[in-house]
There are 2 protein chains.
Amino acid sequence: MTSTAPAAATPEDLLRGAGLRVTAARVAALRAVGENQHATADAVLGSVRAELGTVSVQAVYDVLHALTDAGLLRRIEPAGHPARYERRTGDNHHHIVCRSCGAIGDVDCTVGHAPCLTPSDDHGFVVETAEVTYWGLCPDCRDQGSGADPTAQP
Amino acid sequence: MTSTAPAAATPEDLLRGAGLRVTAARVAALRAVGENQHATADAVLGSVRAELGTVSVQAVYDVLHALTDAGLLRRIEPAGHPARYERRTGDNHHHIVCRSCGAIGDVDCTVGHAPCLTPSDDHGFVVETAEVTYWGLCPDCRDQGSGADPTAQP
DNA sequence: CGGCTCAACTGGAATGATTCCAGTTTAGGG
DNA sequence: CCCTAAACTGGAATCATTCCAGTTGAGCCG
């Protein structure tokens with residue numbers, strides 16, 4: 001049990017703390033993402049259905065949206081892949097994505113705080129956040145050679 | 001290698017230099033992206049049709065794919081937006097995207113060469129490239145603050 | 001310079017992720 | 001316990017992109 005936060009906050013507590021109604025779908029979705037970081041909406045749908053029985057596709061999208069807006073989840077969208085959700089919020093960490101199987105790893109930006117985060121020429125834009133995505137090969141795909149093997153998934 | 005094609009290189013020369021067949025669709029697409037950096041596939045389709053008359057959707061996607069594979073174009077895919085194409089290839093510059101209208105600007109990474117590009121913990125991944133996306137507001141949207149914006153959140 | 005061949009193109013249908021919509025259920029404050 | 005807004009249902013729609021089967025044309029070759 002990781003007790004990084006003050007005590008092991010239950011999904012229910014997290015929801016209430018964020019001023020959201022506590023519903024079965026939200027609790028299940030929160031738990032699903034907690035157990036499977038970087039889960040896709042589809043994966044969450046699967047987990048939630050396995051736990052609750054019938055849940056509509058829309059409900060899961062609604063829930064993921066609500067939780068993301070409330071700051072309980074963070075959504076990441078690697079180019080060419082469906083969106084994924086994670087529970088690590090607040091810290092602006094980055095991600096490394098496997099070109100072959102799409103697996104994702106977290107990357108803490110320890111190189112100072114924001115090295116790249118101030119563009120040299122911002123074209124008059126007001127910069128709010130900077131997002132770094134690393135692309136490469138995960139250990140599994142690296143070992144298997146470079147086969148386009150869509151059967152691998154963590 | 002010698003200097004690649006000079007700035008004044010015609011689309012035809014660029015295509016031949018890349019070992020690609022010279023077709024009307026490719027020439028037109030290359031010119032379209034040249035005149036409208038960060039154009040979407042749809043925008044390119046519009047330009048190409050304006051120039052050539054009837055061109056199929058598939059042809060434009062084929063062309064953009066071929067040109068991207070050949071290194072004549074670079075594709076960028078900001079989360080939540082359709083893919084865009086640009087002619088600045090080779091240098092690993094980055095992009096700033098307007099949250100409000102989706103406008104895109106180029107950002108040269110002058111802060112050293114690759115500050116963020118070496119993750120602190122790579123999880124065993126083989127990192128090939130790093131991609132930085134800045135999110136913010138473009139000058140127009142910043143000034144307006146409201147109006148042509150469906151989901152304003154200043 | 002006319003033929004040949006395969007890459008390129010046509011047009012229509014399919015895909016996958018996500019959203020819209022109208023009606024029904026339910027959490028939780030009064 | 002009752003009410004109301006928020007959440008959920010299920011089906012259809014959207015949007016970018018790709019798949020498919022047949023047709024056209026660029027560029028090489030004799």
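Within every chain, numbering begins at 1; the chains are lettered A, B, ... in the order of the sequence lines, protein sequences first and strands thereafter. Worth knowing before you read on, the calculation uses all heavy atoms, side chains too, and leaves out hydrogens, waters and symmetry mates.
Residue-level contact check: A:Ser56 touches the bases, meaning some heavy atom is under 4.0 Å from a base atom. B:Thr54 comes within 4.0 angstrom of the backbone, heavy atoms only, and of no base. Counting non-hydrogen atoms under 4.0 angstrom, A:Ala66 reaches nothing in the nucleic acid. Counting non-hydrogen atoms under 4.0 angstrom, B:His81 reaches nothing in the nucleic acid.
Across the protein-nucleic acid pair, B:Gln58 atom CD and D:dA16 atom P stand 15 Å apart, rounded to whole Å. Computed from coordinates, the B:Arg26 CZ to D:dG25 P distance equals 15 Å when rounded to whole Å. One atom, CG of B:Leu52, and another, P of D:dG25, lie 13 Å apart when rounded to the nearest Å. For B:Arg16 and D:dA26, the CZ to P distance is 12 Å, given to the nearest whole Å.
Judged by closest nucleotide on DNA chain C, B:Asp62 is the one of A:Leu20 and B:Asp62 placed further toward the 5' end. The residue among B:Arg75 and B:Val22 whose nearest nucleotide of DNA chain D is located toward the 5' end is B:Arg75.
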Quiz prompt | Residues A:Arg84, A:Glu86; criterion salt bridge (Lys or Arg N to Asp or Glu O under 4.0 Å); working and verdict | solution = CA-CA 7 Å; A:Arg84 285 158 179 274; A:Glu86 66 183 352; over 6 Å; no
Self-check item: Residue pair A:Arg31, A:Glu51: steps toward the salt bridge (Lys or Arg N to Asp or Glu O under 4.0 Å) verdict
Solution: CA-CA 10 Å; A:Arg31 184 149 44 218; A:Glu51 192 176 331; 3.0 Å; yes
Exercise. In sequence, state the C-alpha distance, the side-chain angles, and the governing distance for B:His93 and B:Arg88, and then conclude on side chain to side chain contact (heavy atoms under 4.5 Å, CB included).
Key: CA-CA 8 Å; B:His93 68 99; B:Arg88 281 261 124 75; 3.4 Å; yes
Quiz prompt | B:His38 and B:Asp106: CA distance, side-chain angles, deciding distance, side chain to side chain donor-acceptor pair (under 3.5 Å) verdict | solution = CA-CA 9 Å; B:His38 311 132; B:Asp106 286 332; 2.9 Å; yes
Quiz prompt | Nucleotide pairing, DNA chain C (Watson-Crick or G-U, distances under 3.5 Å), in dot-bracket with [ ] and | | solution = ||||||||||||||||||||||||||||||
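When DNA chain C is scanned in the 5' to 3' direction for atoms under 4.0 Å from non-hydrogen atoms of chain A, the outermost contacting nucleotides are C:dA17 to C:dG28.
You'll find the side chain of B:Leu72 reaches within 4.5 Å of the side chain of B:Leu15, heavy atoms only.
For the 3.5 Å distance criterion, the side chains of A:Arg16 and A:Thr10 fail to qualify, holding no donor opposite an acceptor. Side-chain contact check for A:Asp108 and A:His94: no donor-acceptor pair (N or O, by modelled atom type) lies under 3.5 Å.
Across A:Trp135 and A:Pro78, no two heavy atoms sit closer than the pair CH2-CB, 4.0 Å. Here the shortest heavy-atom pairing between A:Phe125 and B:Gly105 reads CZ-N, 4.2 Å.
Note on B:Tyr61: a side-chain N or O is less than 4.0 Å away from OP1 or OP2 of D:dT17. The side chain of B:Arg21 contributes no N or O atom lying less than 4.0 Å from OP1 or OP2 of D:dG25.
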